[in-house]
Number of protein chains: 2
Amino acid sequence: MLSFTEENYLKAIYHLSESGSKAVLTNEIAEAMSTKAASVTDMIKKLSTKNFISYEKYYGVKISRQGKSEALMIIRKHRLWETFLVEKLLFNWDEVHDIAEQLEHIQSPLLIQKLDEFLGFPKSDPHGEPIPDKNGKISMPSSMPLHDQLPGYAGSIVSVKDSDSNLLKYLNRIGATPGKKIRLLAKEEYDESLEIEVDEKRLTISKAVAQNILVAV
Amino acid sequence: MLSFTEENYLKAIYHLSESGSKAVLTNEIAEAMSTKAASVTDMIKKLSTKNFISYEKYYGVKISRQGKSEALMIIRKHRLWETFLVEKLLFNWDEVHDIAEQLEHIQSPLLIQKLDEFLGFPKSDPHGEPIPDKNGKISMPSSMPLHDQLPGYAGSIVSVKDSDSNLLKYLNRIGATPGKKIRLLAKEEYDESLEIEVDEKRLTISKAVAQNILVAV
DNA sequence: ATAAAAATTTAGACTAGTCTAAAAAAATAT
DNA sequence: ATATTTTTTTAGACTAGTCTAAATTTTTAT
């Protein structure tokens, strides 16, 4: 049984593993966890002796099959709770992340099974992220950052990369939420800002924002 | 902001304060928390400097107005979550205590407000215990142990004192759950066991069980 | 190929919470 | 009223997780 803290490290390592197939570096984990490299070294030793990751000094960390399975269960819980908060308790899309960060650590397989059932076995959460099933199987919808599309692209928003509350609030305000239809009208060469159409409205978004909007391809 | 552990101590002290108006003793808290007296001494010093309790060496502990208010919020959360688990997720009455022990520590006033609303502002939880409102006001239903009633008593079960899972399972099996009609038919002098009628069935229960069934008076 | 810079690990210290064993205070019994 | 027992507190140690500062290893630059 993992502690609250161990679970958070494992989740961070899983996410870092997904973006790039190379070993995850100590400093990357430190940044993701808002902690210091020295603390990370201690923790990865611990997770390594428990066989959730493999660790080679000065080289980095790789998540094990067992670690991935554990991480997927935490992510499953997080996304089911987010779905509950938005669909049942009528929270806004952008208010649920921090609460789900807490709820994801509740220990009770039966609870998650019943919650899943209560929600009608949803396949994705309110941010458009896929929810792993009880065996940890995850159906990845194929998506790419809007920023990497060409002018003329028309499709729908799959998810938002960054969970930053300010970003989510902003996207909510302009109507750019998962599931929405979106079109890329033009690209400004100078600062790589994009002119888009969403919610029947034309507007301009920055490169930073466009890199965080993942759209169906 | 209180830690997980501080919250659990405070809740235990609150409950011990309610049963008896005297100061709460170190050993009582140690037993309630399944810990050692030395650990309790450390913690009550801490809660005392934070003004949740007043503490006099070798004498005992009294909960403060502030401590009571904090404890009531935790209890409110616990009972709302229990209600959710039983009414929405269809858990059995006797399965929810341990899960609610975890959920009660989730920090988000907005979450509790919305949960309360989702449940239709319930006044009592599935065990029959009253749910404090958002100001900590608690409407005590007047009740007494079935054991203290006289043969001939007829009324309904308000709540069950002990949260022990085996007791709850047993009561569930015989149909003696909060809200149910119950009648006291006879009292056996020798071992103080009771003959009762519940769920249209006659049966005998021990003194220990009868002391834990609280009925409306 | 070596010097400088960056990343990582180690060493040692700190807080929160816990424990055992010993000391001190309070309650009880004679 | 004093001795014994019980309760409570203190002292010191341990684990989990964190930090800073110093040491070490790897990478980068010349």
Side-chain angles (χ1 to χ4, degrees), chain A residues 1-14 16-17 19-20 22-63 67 70-71 74 101-102 104-107, chain B residues 1-14 16-17 19-20 22-63 67 70-71 74 101-102 104-107:
Chain A
M1 181 117 307
L2 293 174
S3 75
F4 196 99
T5 310
E6 288 170 326
E7 288 197 347
N8 283 332
Y9 270 92
L10 195 57
K11 191 171 54 127
I13 292 167
Y14 172 83
L16 291 167
S17 301
S19 48
K22 314 192 62 64
V24 179
L25 305 177
T26 303
N27 268 353
E28 291 174 345
I29 301 170
E31 206 203 344
M33 295 292 296
S34 304
T35 187
K36 294 294 150 70
S39 310
V40 172
T41 303
D42 287 345
M43 181 53 87
I44 62 190
K45 279 180 187 163
K46 204 168 135 197
L47 288 174
S48 175
T49 59
K50 292 188 180 183
N51 292 318
F52 290 106
I53 57 178
S54 64
Y55 164 52
E56 215 177 305
K57 255 174 134 180
Y58 291 102
Y59 166 72
V61 144
K62 275 188 178 139
I63 195 160
E70 195 68 34
I74 301 165
E101 284 289 300
Q102 299 180 59
E104 73 190 7
H105 300 291
I106 302 292
Q107 303 288 0
Chain B
M1 184 118 302
L2 293 173
S3 75
F4 196 99
T5 311
E6 287 170 327
E7 287 196 350
N8 283 333
Y9 270 91
L10 195 56
K11 191 171 54 125
I13 292 168
Y14 173 83
L16 291 167
S17 299
S19 50
K22 315 193 61 62
V24 179
L25 305 178
T26 302
N27 268 354
E28 290 175 345
I29 301 170
E31 206 204 344
M33 295 292 296
S34 303
T35 186
K36 294 294 150 69
S39 310
V40 173
T41 303
D42 287 345
M43 181 53 86
I44 61 189
K45 279 180 187 162
K46 202 168 136 198
L47 288 174
S48 175
T49 59
K50 292 189 179 182
N51 291 317
F52 289 107
I53 57 177
S54 64
Y55 164 52
E56 215 177 305
K57 256 174 134 177
Y58 290 104
Y59 167 71
V61 144
K62 276 188 178 137
I63 195 160
E70 195 68 34
I74 302 165
E101 285 289 299
Q102 299 180 60
E104 72 189 6
H105 300 292
I106 304 291
Q107 302 289 359

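Not measured: the values here are computed from a predicted model. A, B, ... follow the sequence lines: proteins, then strands. Residue 1 opens every chain.
Distance B/Met33 CE to C/dT18 P: 7 Å, rounded to the nearest Å. Atom P of nucleotide C/dG12 and atom CG of A/Asp42 are separated by 14 Å, given to the nearest angstrom. The CE atom of A/Met1 sits 17 Å away from the C1' atom of D/dA16 (whole-angstrom rounding). Regarding B/Lys45, its NZ atom lies at a distance of 8 Å from the P atom of D/dA11, rounded to whole Å. Here D/dT27 presents its P atom at 10 Å from CG of A/Leu25, a figure rounded to the nearest Å. Rounded to a whole Å, the OH atom of B/Tyr58 is 4 Å from the C1' atom of D/dT9. Distance, A/Asn27 CG to D/dT27 C1': 13 Å, rounded to whole Å. A/Met43 places its CE atom 12 Å from the C1' atom of D/dT15, with the value rounded to the nearest Å.
Atom CZ of B/Phe4 and atom CD of B/Gln102 lie 6.5 Å apart (nearest 0.5 Å). Atom OG of B/Ser39 and atom CD1 of B/Ile29 lie 12.0 Å apart (nearest 0.5 Å).
Phosphate proximity of D/dT8 to B/Tyr55: absent, as no side-chain N or O sits under 4.0 Å from OP1 or OP2.
Taking all atoms of both residues into account, the shortest heavy-atom contact from A/Leu16 to A/Ala32 is CD1-CB, 4.2 Å. Residues B/Phe52 and B/Ile63 come closest through the heavy atom pair O-CG1, 3.7 Å.
Looking at heavy-atom distances under 4.0 Å, A/Thr5 makes contact with sugar-phosphate atoms alone, never a base. Nucleic acid contact class of B/Tyr59 (heavy atoms, under 4.0 Å, all strands): none. B/Phe4 comes within 4.0 angstrom of no nucleic acid atom, judged by non-hydrogen atoms across all strands.
Of the two residues contacting DNA chain D, namely A/Lys57 and A/Ser39, the nearest-nucleotide position lying further toward the 5' end is that of A/Ser39.
Side-chain proximity of B/Thr35 to D/dT18, C/dT10, C/dT18: nearest is C/dT18. Residue B/Tyr9 has its side chain nearest to C/dT18 when only D/dT9, C/dT18, C/dC19 are considered.
More than 12 non-hydrogen atoms from other residues, nucleotides or ligands lie less than 6.0 angstrom from CD of B/Gln107.
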